[in-house]
Amino acid sequence: MAWHDVQVTAEQAGTISNRTDATARTVIECAADAIVAFSTDQTVMLWNPAAERMFGWTAAEVAGLEPPIIPEELKAEHNAVLERVRGGGQISFATRRIRKDRSVIDLRIDTSALIDGAGEVIGWVNVCHQTGEDDVARHYMAERARVVRRLGDVVADMNAQRDLESVLDRIAASLRELTSADAGGFVIIEDDMLRLVSTAGLPDRLRGRTATLSTSLVGELMGSGKTVMMATGESGGFDDLIWSALPGLHTIALSLSHVAGKPYGALYALYSRRKLSHVELELLELLAGHAGVALTNAMAFEEVVRQRAHERAVIDGSADGIAVLDEAGLVRQWNPAAHRITGMATQDAIGKPPSFPLPEPGATLNTKLPNGRWLDVLCTALADGGELVVDFRDVTAAKELEEAKDLFLATTSHELRTPITVVQGFASTLASRWDQLGDTERRAAVRTIAERAGSLGRLVEQLLLGSRAGADQFPVSNGPFDLDAVLRAAVTAFQPLSDKHVLVADIAANLPTASGDTMATDIIVGQLLENAFKYSPGGGTVTVRARLGGHGGADSPPVSWGGPGGIVPPGERYIEVTVEDEGIGIADGDHERIFDRFFQGETGDRRRFGGVGIGLFIVRRLAQAQNGEVTANSRASGGTAMCLRLRPFDDAAPAVADGAAPADR
């Protein structure tokens, strides 16, 4: 009878189906291999007795739950296998699974998809075979090769990190990945203390916690002379350690990391759900060794960064201009002082040769820039290449002082020679021709000698004042004095000295008592009047004015005050004395320089007036010794206005002791 001629009733079909299901259940229950089925949500649908014997959990304990047999580090592999067989077919692969007693077993698993009558995937079936010795060996070798490759990737990743903290964090994360540890961390050794600096799988609050080295596992490991060790807790916990934050902790493995041949820290692997083997210990030791290399590299890099930052700070903070030139002689670095000295901004200097000549390496050179500044240039060749370091400083002030001193000597010689020659000539005449000369001639010769001797005395006195001014040793005695009387006496004394000039006193009535020194102020006013006469050779009006200033109140602009007082605040009072002339004036840019020692202005008209160039230097120092200031201004109508400001006595600061130098206040 042909198969297509068989007629099956519904009752017979149901009987056949029930017998088939019973047969399938019997086969599954009697199978020697563990069979586990998962639904699409990866919860357990089927767990046969062989699975109970292999893994230790009963079907009732795992039904409807995610399977507890998959190690954390292999879940990604498990999910990937399920996805690969979703479309049909079968995959067989070697792996590891966890037993209820936390031991690990090596398996070969055949994975297939469960498909319903409509062709839809409703789950997966895993048939687990415990591997024999050959399979275990092959799996071990394959797993070891995989771990070694992964270790190489991890080490390369660690060495690519340049920040020390990033390296430490990467070490802790890699430890957990490679050794299948439930948590891990890295501690560094600081004298007799340990400090936890990175963690993986542990609360962040533990970072920074410390422990005593001598009583720790690290201290025990260092004392043993080994680089790796394992410790277990008798009761399944380490309640006295930082790591007790990991629930169920039962095993700790640790290994030392060395930097520069000395123990730098230790790598901890913590286990709470599974046991570890000698493979994990070996991996831990390898990782700790590579961690030492990565830490050495990171620390060396940070040291280079710190050193460069220090060098950069020194270069940028240097008062000297510093430039680094490449082999072609082009600027690669240009510090802020180089910009200030040369006036050339960094962006304009980079990639170009310096704007001044260079000496041979190891030598120095004095050179003058187009802007008039003098430079002292030192050039040094770097030993490891053709680069040059150029150090240059502004020596303009020293050059000007040197030139001023030469000029001072020449001028002083001239100033001394003339009166000495006259005195010597008239004295010789009197000595050799006394009897031949009449009384009138003898009196005239003696008068000339007296006048020239007076000039010599005034010159010597000025030189002495200049010396004291340079040493801040003015014997001033600050206190209240009548400025009105000092000014009027000076005008009266100077009035008959020139028949070309008209001397006018414009002194405000009720001028308050000034704070300062009478003699010092008289010297200042006398020097200003002498200069006014000298530098207005064509004559004209010289005016001495005196006013009380600073009544504008709090809204008035502040007045510049270059002495110890700085700026006169709005609303404060000051007495202003000006000496105005109609002479040759002051060249642009010289309004402050005229107060420098030995300065006499540009060559030209001013040079023909003689003098040694210390009068205004003395004037400013005397003004400052009285807590005042003196400034120079050009008049719009021509000539110069020299301005002396002193404080009214009622507003002045406490008096300074007699003989105190301005620098002492």
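In plain terms, the two heavy atoms of I449 and A427 that are nearest each other are CD1-N, 3.8 Å.
R547 and D506 are joined by a salt bridge, as a carboxylate oxygen and a charged side-chain nitrogen come within less than 4.0 angstrom of each other.
Residue pairs meeting the salt bridge (charged side-chain N to carboxylate O under 4.0 Å, His left out) criterion with at least one partner in residues 480-502, sequence neighbours excluded, are D484-R488. The salt bridge (charged side-chain N to carboxylate O under 4.0 Å, His left out) pairs that include a residue from residues 428-441 are D439-R442, where partners are two or more places apart or lie in different chains.
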What's the verdict on side-chain contact (heavy atoms from CB on, under 4.5 Å) for H339 and M344, showing C-alpha distance, side-chain angles and the deciding distance? CA-CA 5 Å; H339 178 194; M344 181 176 290; 5.7 Å; no
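Contacts of A328 classified as side-chain contact (heavy atoms from CB on, under 4.5 Å), with partners at least two apart in sequence or in another chain: D326, L330. With sequence neighbours left out, F356 forms a ring-ring contact (aromatic ring centres under 6.0 Å, His included) with F392. For A489, the side-chain contact (heavy atoms from CB on, under 4.5 Å) test picks out no residue, with sequence neighbours left out. In this view, D376 and T364, N366, R393, V395 satisfy the side-chain contact (heavy atoms from CB on, under 4.5 Å) rule, not counting sequence neighbours.
To the nearest 0.5 Å, the span separating CG on D522 from CG on L483 amounts to 11.0 Å. Going from atom CD of E592 over to atom CG of D590 covers 10.5 Å, rounded to the nearest 0.5 Å. To the nearest 0.5 Å, the span separating CG on L616 from CZ on R593 amounts to 14.0 Å. In this structure, CG in D394 is found 10.5 Å from CZ in R340, a value given to the nearest 0.5 Å. Note that CD1 of I341 and CG of D320 are 6.5 Å apart. Values are rounded to the nearest 0.5 Å. Put simply, CG on L548 and CD on E576 are 10.5 Å apart, with the number rounded to the nearest 0.5 Å.
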